[in-house]
Each structure stands twice: as C-alpha cells, then as structure tokens.
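These notes are about the structure you will find just below.
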Amino acid sequence: MNTDTRPSTSHGARAIAPSFDLVLFGGTGDLAMRKLLPALYRRFADGNVSADARIIGVARSSLSDMEYAARAETACRQHLGADFEDSVWAGFGPLLSYVRVDANATSDYQMLAARLAGRETVTRLFFLSTGPDLFAAICKELAAANIVNASSRIMLEKPLGEDALSAGRINDTVGAMVREQQIYRIDHYLGKETVQNLMALRFGNALFEPLWHRGQIKHVQITVAEQLGVEKRADFYDRTGALRDMVQNHLLQLLCILAMEPPATNAADAVRDEKLKVLRALRPIGDAEASTKTARGQYRAGNVGTTTTVGYLEEMGVDPTSQTETFVAIKAEIDTWRWAGVPFYLRTGKRLPQHVAEIVVTFDQVPHSIFTGRFNSDPPNRLVIRLQPDECITLRILAKSPGEAMRLKPVDLALNLGETFKARPLEAYERLLGDAIAGNLTLFMRRDEVEAAWNWIDPIRAAWDADDEGPRPYAAGSWGPAASSALIARDGYAWHDDL
Ligand code: BG6
C-alpha cells in the first residue's frame with residue numbers, strides 16, 4: 001500500500017529519493033530560516049525528500065527538537081506564504097531535530113556523533129552556514145569526533161574568506177579533512193534557474209555560438225541591482241563591501257558562464273575547468289588602472305520607488321565614518337583570442353532604482369549599411385538576458401516600420417520564460433541542496449576557481465585601500481555615482497538603462 005501522503009509534484013513524476021542526514025550548522029540563523037528550511041520543505045512537497053531523511057539543526061542556543069521544529073514552522077509559513085500547507089508540514093516537520101553545539105566546544109560534538117550514530121551508510125551532509133571564521137574550528141572538531149566519513153559532503157556558504165590568503169586557509173583546513181570532491185562551495189547564483197538557462201541558451205542552440213566572440217560582440221554588461229539596503233547585516237556588510245560581497249562571486253560567476261569556451265560535457269570538472277580559464281585570463285586591475293577601470297559608491301539618503309530611505313552611514317550598526325562601498329562598477333577585460341578588445345562592464349549596488357539582474361550583449365554594427373544616412377549609429381542588435389525578477393530573453397533587431405518610407409525601427413523579440421513554461425522555477429537553494437544530496441558538483445565552485453577570483457579582486461581592493469578618496473556618494477534610488485557613467489562613457493558607450 002502506498003502510504004506516502006505527499007502531494008504530487010509540479011516537477012514531474014516522483015523519483016525515489018535517497019535518504020540523507022543533513023546537519024545544518026547555523027541552524028537557527030537567518031539563512032537557515034529564510035532560505036534553507038523553506039527550500040527543503042519545497043523539495044519534500046515535490047516528493048524529492050525521502051520519508052526517513054533527517055535534518056538536524058545545530059546552533060549554540062538551547063532548544064528542544066520540538067522548539068526547533070516550531071521555529072522552523074513559523075519561518076516556513078512566513079517565507080512560503082500561500083505555498084505552505086499544513087498537510088505537507090505534518091510530514092516534513094518530524095524530519096527536523098536539533099542538537100546544541102558550540103562550534104568551539106569539543107565535548108558538544110559527542111552529542112552530534114550520538115545523533116548520527118547507526119546511519120553510517122546514509123549520505124551525510126554538513127552545511128556550514130555560519131560565518132567563515134568558524135569553518136576551521138567546526139572542521140577540526142568534526143574530524144576529531146570522527147563523524148565525517150569518505151562519503152560525507154561539506155557544504156560551505158559564502159563568503160569564502162575575505163581575500164586569497166584567508167580563502168586559501170579555509171580551503172586548506174577543509175581540504176585536510178575531506179577530498180575536494182566532497183566539498184560543495186556555494187554561490188547561490190549558480191543555483192538560479194536562469195543562470196542555467198544561460199548555459200542552455202549558449203550551448204543548446206546553434207544560433208549564438210558563431211557570433212559569440214570579439215568579431216561580432218562589441219561589449220557586454222552585467223548588472224545586479226538591488227533596491228534593498230544593508231538591512232540587518234551591517235556588521236558583516238561594513239567589513240565586506242560590494243566588491244567582496246557580490247563581485248568576487250556572483251558577478252564573476254555570471255561572467256564565467258557567459259565567456260567560457262564550450263565545455264566538452266556538462267560534467268562538473270569539464271565546466272569548472274572552462275570557468276577557471278576565464279578567471280585566469282582576466283586582465284589584472286592594479287593601482288595604475290583602478291581609477292579608470294573601477295568606480296565605487298556609497299548610498300546617501302534618497303527615495304527608492306516611493307520609499308524614503310536613510311543613507312548608508314545612518315544605517316543601524318554602520319560606522320558613521322565608514323568607507324565601505326555599496327556600489328561597484330568595473331571594466332573587466334579577458335585576455336584571450338575570443339575576447340581580446342571586448343569590454344565586460346560589471347555593475348552592482350544596493351539602494352538602486354530597481355531590483356534586477358540582467359546581462360546585455362551588444363553586437364556589432366552591420367559591416368556596411370545600405371540604408372546610409374537615415375539611421376543613428378546605435379548597434380542594431382542586442383541580446384538582453386534578464387535573470388530576475390522575471391526571467392526574460394529579449395533580442396533587439398531592426399525592422400521596417402509600416403508605411404511608404406523605408407524606415408527601420410528597433411523592435412524586441414521577447415520571450416518570457418515564466419509565461420512560456422508555466423511552471424514554478426526551482427529556488428536556488430532547492431536546486432543546490434538537491435544537487436549536493438545527489439552528489440552533483442557542477443553548480444558548486446572548485447577551490448582553484450575561488451582562489452583565482454580572489455586573485456583578481458585583491459589588487460582592486462588594495463588599490464582602493466591605498467587611495468584616500470573613498471567611495472563617491474550617490475542618492476539612494478539612483479543608478480550609482482556619476483563615476484559609473486563616466487567609466488563606460490570613456491569607451492563611448494552607456495549603461496543599458498541610460499539608453
Ligand atoms: C548575497 C549577498 O550573496 O546575495 C547579499 O550577500 C545580496 O548582500 C544577495 O543581497 C543577493 O541575492 P539575490 O538572490 O537576492 O539576488
């Protein structure tokens with residue numbers, strides 16, 4: 001008799017889900033409550049979590065299993081909204097339990113060992129969603145308690161260090177305990193459905209690849225704009241800034257997928273090898289180039305949409321003399337045959353006018369226009385890949401506008417993927433947790449990638465630190481400081497939203 005009461009899935013037939021023990025360090029934290037537990041709930045609701053899987057929250061507070069499950073239920077209700085169903089929770093809630101562990105207290109790990117005992121053959125995952133300063137201690141204690149075995153997986157949440165040196169130390173510590181193939185370094189952008197669509201667009205279609213190089217592409221823009229400010233993360237953010245928080249990982253990963261050579265297969269190392277080559281081919285930006293190839297800003301009070309917001313320096317927990325950047329624009333160049341001479345403009349910031357992540361690929365002019373004299377010189381073709389909030393692919397072409405005269409006008413061929421497929425896209429963490437449970441490393445960063453990204457970021461940070469000027473102010477609700485428009489205008493271009 002089928003006793004599985006879970007609703008049928010919106011993502012196809014129910015597969016036989018493998019059992020697992022997932023240990024969530026930082027189990028009471030913001031990420032666990034806001035993203036990880038709701039993602040696990042959704043996987044369960046979709047039939048992708050086995051009924052004997054266990055999710056073990058771990059943190060410093062003293063909580064019973066019931067109290068932890070109650071907190072998780074409140075968070076899931078809040079974050080899943082109308083998707084939360086009591087009947088699903090009745091099946092999911094009992095998978096949760098809790099162990100109190102102070103990351104630095106050796107004896108506490110015995111409690112965890114006891115909880116895990118007897119399930120040595122089940123896939124065991126340790127998700128470290130604590131600050132990176134605790135990674136080393138946790139790894140050391142897990143190894144000492146002998147609860148990491150050859151099939152265990154360690155999931156590491158970003159930030160992975162604050163520079164190449166600290167990232168190297170974290171990687172050494174974790175690497176001393178488990179093999180590289182057991183380490184799942186998260187960049188949640190890689191888990192976004194839309195980022196994988198970028199791979200589908202490039203490598204599933206014959207159309208784009210012949211155009212995908214310096215001969216046909218003039219420039220590329222990658223924008224990740226947020227309306228949110230620093231929220232309740234001032235302590236972390238003020239030490240980190242937009243360069244380390246967003247560019248080192250999310251924007252560079254997007255750049256890699258956009259610019260990499262076609263991998264031979266979709267296997268983890270085939271993809272990661274190609275991304276690594278892009279990172280290693282990035283032209284360094286040091287003291288001499290930083291002033292022309294980078295712009296940084298810090299938001300002041302302003303209006304984001306209809307909301308009036310305070311400036312960064314007035315945010316709770318921020319040092320009122322802080323020089324931390326909340327906006328970055330960078331001209332990146334990739335020194336390869338494919339991309340020599342094609343600028344990749346990267347831009348990200350908080351308190352910008354829109355919440356949007358977008359890639360804009362601008363193609364070259366036609367080699368010779370038979371319509372000379374009648375049209376402006378803007379390049380006619382542009383591919384806009386919008387990753388969020390709504391997933392859209394738009395190709396701008398010139399078409400004749402109706403009437404007697406031969407007048408060409410830009411028009412958009414637009415594809416809204418949400419409307420087309422009419423299916424709920426998987427949330428990033430849903431996919432990443434699923435892939436880690438299944439042992440698929442393709443969407444996780446390899447050690448050498450992380451370190452190569454830091455190696456490119458570190459000289460930019462050092463150049464900024466050596467420069468007294470600090471970030472330029474910009475009004476909340478604007479597209480960053482004037483220096484950002486100036487950076488791209490120096491090459492004769494403009495940001496996409498300025499056109
Ligand atoms: C995180 C950053 O990695 O990504 C945050 O630490 C940022 O500062 C967030 O807000 C943006 O992610 P998303 O998925 O909302 O675009």
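Small disclaimer: the values here were computed from a predicted structure and weren't measured. Whatever order the structure lists them in is the order used to number ligands and atoms, beginning at 1.
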(request) For ligand 1, indicate whether the residue Tyr237 contacts it via side chain, backbone, both or neither (heavy-atom separation under 4.0 Å). (result)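 The answer is neither.
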Cationic N near anionic O, under 4.0 Å, [X] to [Y]:
{"X": "Glu430", "Y": "Arg424", "result": "yes"}
{"X": "Arg431", "Y": "Glu193", "result": "yes"}
{"X": "Arg347", "Y": "Glu358", "result": "no"}
{"X": "Arg447", "Y": "Asp172", "result": "yes"}

What atoms in ligand 1 come closer than 4.0 Å to a heavy atom of [X]?
{"X": "Lys192", "answer": "13 (P), 14 (O), 16 (O)"}
{"X": "His188", "answer": "1 (C), 3 (O), 4 (O), 12 (O), 13 (P), 14 (O)"}
{"X": "Glu226", "answer": "7 (C), 10 (O), 11 (C)"}
{"X": "His250", "answer": "1 (C), 3 (O), 4 (O)"}
{"X": "Lys350", "answer": "5 (C), 7 (C), 8 (O), 10 (O)"}
{"X": "Lys158", "answer": "1 (C), 2 (C), 3 (O), 6 (O)"}
{"X": "Arg233", "answer": "2 (C), 5 (C), 6 (O), 8 (O)"}
{"X": "Asp245", "answer": "2 (C), 5 (C), 6 (O), 8 (O)"}

(request) Let me see the working for His250 and Val224 under side chain to side chain contact (heavy atoms under 4.5 Å, CB included), right down to the final yes or no. (result) CA-CA 9 Å; His250 306 326; Val224 178; 5.6 Å; no
(message) So, regarding Tyr189 and ligand 1 (criterion: nitrogen or oxygen to nitrogen or oxygen, under 3.5 Å), is there a contact or not?
(response)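 For ligand 1, there is an N or O atom that lies under 3.5 Å from one belonging to Tyr189.
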(request) For the pair Asn249 (side chain) and Arg244 (backbone), establish whether a donor and an acceptor sit closer than 3.5 Å, ignoring hydrogens and angles. (result)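 The answer is yes, because a donor-acceptor pair under 3.5 Å joins these two groups.
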(request) Check the surroundings of atom CZ in Arg472: do more than 12 heavy atoms from other residues, nucleotides or ligands lie under 6.0 Å from it? (result)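 Not buried by this count: 12 neighbours or fewer within 6.0 Å.
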(request) Tell me, yes or no, whether the heavy-atom count around Phe236 atom CZ, taken from other residues, nucleotides or ligands under 6.0 Å, exceeds 12. (result)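 Yes, enclosed.
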(message) Counting non-hydrogen protein atoms only, what is the nearest one to atom 15 (O) of ligand 1? Give residue, atom name and distance.
(response)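 Scanning the protein heavy atoms, the shortest distance from atom 15 (O) of ligand 1 goes to Gln388 NE2, 4.4 Å.
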